[in-house]
Amino acid sequence: MLSTNTRARIPYGRQTIGDDDVAAVVDVLRGEWLTTGPTVARFEDALCCVTDAKHAIAFANGTAALHASMWAAGIGAGDRVVTSPLSFAASATCATYVGATPAFVDIDSRTLNLDPKLVGACDALVAVHYAGLPVDLAAVPTRPRVIVEDAAHALGARTPDGPVGNCARSDMCVFSFHPVKAITTGEGGAVTTNSDEYAQRLRQFRSHGIVPRPDAAGEGGWYYEVETLGYNYRITDVQCALGVSQLAKLSRFITRRHELAERYHALLADLPVQLPPAAPAGSRHGHHIFPVRVPERRRVYDDMQAAGIGVQVHYVPIYRHPLYRDLALSCSDFPETERAYRGLLSLPLYPSLTDEEQDRVVDTLRAALHA
Ligand SMILES: *Cc1c(COP(=O)(O)O)cnc(C)c1O
């Protein structure tokens, strides 16, 4: 019998790549276009189909897409942008990139999302759908000027208003296609929106702030102008070939994530761990991660890592990062976030995780908890 240490490591998340994905990428490599060509447009069309949004604009990564959403909405110096402290830093740095000031409200201990009732006066809200559970945007007391959903965890999730990404209660919705997310393009991201104006600004920002001006007086077909400060935030046709192929499998991926989440709920029922909430009736969870809350988190983390189970903590609360020390925020202002952070541990969850591997995760957790 193999000892635990020689068995394959199980990560907390990973991509699921099939031969069809490989063939799709090879096809594009043999073709005419490598960077922004017809496959970027095909991927954007496919994203519109999945989300029911009018426009989808694909980016080099999710962080670039968040940055672009802030700029497109005209958020800048002097603006206050509220987000969840229990998120990846990019949910806040997107505000900092454009000169705005991030602010945080405490989480709802039940959903682990920011508590929508606490969202006070602000210029923009970056609403993170933590773990893939959609934030209840209907519960925000007063709609801020701009609402951007950070749906990096929530491609394939639904609310009573329809698919996440349809922007029913937001201006823009941002996705990430990093390998641990619902689908991957290697690195990649996108913004969906129903606004023609935002769509045009997002495309301009993605490509150096350039606007073609072939009709400018005395000029010709070559002529363009750099109208604003943009970036090279483009994604490639090669990446989008993978994206189109992956997106066709999204519902299968999410179905498997749901099966695994249900299995975790059954297998962990008798252990002293707090399980993550299910989606309310009429909604569909994205199940990007499976964050449980455990006692003695440090020891459980170390024991599981030593046994080859790549558990992770989502997240170090953003106000704790030295980047934001000037905001002079105190952990004591976010009691629910701190309470959750102390116990959080994400267990492996990805479509190709087998039942046997999941059993090994649960057995290892049981041993670590001495339960
Ligand atoms: C992954 C992630 C991002 C950033 O996406 P990248 O594609 O890695 O830049 C932003 N917000 C959240 C909540 C994420 O999980």
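Just so you know, ligand 1 is whichever comes first in the structure, and atom 1 is the first atom listed for that ligand. Keep in mind that what you see is a predicted model, and the values were worked out from it rather than measured.
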For ligand 1, list every N/O pair with the protein closer than 3.5 Å, one pair per line with the distance.
{"residue": "ligand 1", "atom": "5 (O)", "partner": "S176", "partner atom": "OG", "Å": "3.3"}
{"residue": "ligand 1", "atom": "7 (O)", "partner": "G62", "partner atom": "N", "Å": "2.8"}
{"residue": "ligand 1", "atom": "7 (O)", "partner": "S176", "partner atom": "OG", "Å": "2.7"}
{"residue": "ligand 1", "atom": "9 (O)", "partner": "G62", "partner atom": "N", "Å": "3.3"}
{"residue": "ligand 1", "atom": "9 (O)", "partner": "T63", "partner atom": "N", "Å": "2.9"}
{"residue": "ligand 1", "atom": "9 (O)", "partner": "T63", "partner atom": "OG1", "Å": "2.6"}
{"residue": "ligand 1", "atom": "11 (N)", "partner": "D150", "partner atom": "OD1", "Å": "3.4"}
{"residue": "ligand 1", "atom": "11 (N)", "partner": "D150", "partner atom": "OD2", "Å": "2.8"}
{"residue": "ligand 1", "atom": "15 (O)", "partner": "H153", "partner atom": "NE2", "Å": "2.8"}
{"residue": "ligand 1", "atom": "15 (O)", "partner": "K181", "partner atom": "NZ", "Å": "3.0"}
{"residue": "ligand 1", "atom": "15 (O)", "partner": "Y315", "partner atom": "OH", "Å": "3.2"}

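The closest side-chain heavy-atom distance from R169 to I147 is not below 4.5 Å.
Applying the side-chain contact (heavy atoms from CB on, under 4.5 Å) rule to A23 yields no partners; only residues at least two apart in sequence or on another chain are considered. By the salt bridge (Lys or Arg N to Asp or Glu O under 4.0 Å) test, R110 is found to be paired with D108, residues two or more places apart in sequence or in another chain being considered.
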Show me the donor-acceptor pairs within less than 3.5 Å that the side chains of residues 342-350 make with the rest of the protein, sequence neighbours left out.
{"residue": "S346", "atom": "OG", "partner": "H314", "partner atom": "ND1", "Å": "2.7"}

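Here the CZ-CG distance, from F175 to L47, works out to 7.5 Å after rounding to the nearest 0.5 Å.
Taking the centre and axis of the six-membered ring of Y341, the NZ or CZ atom of R293 falls outside the cone set by 45° and 6.0 Å.
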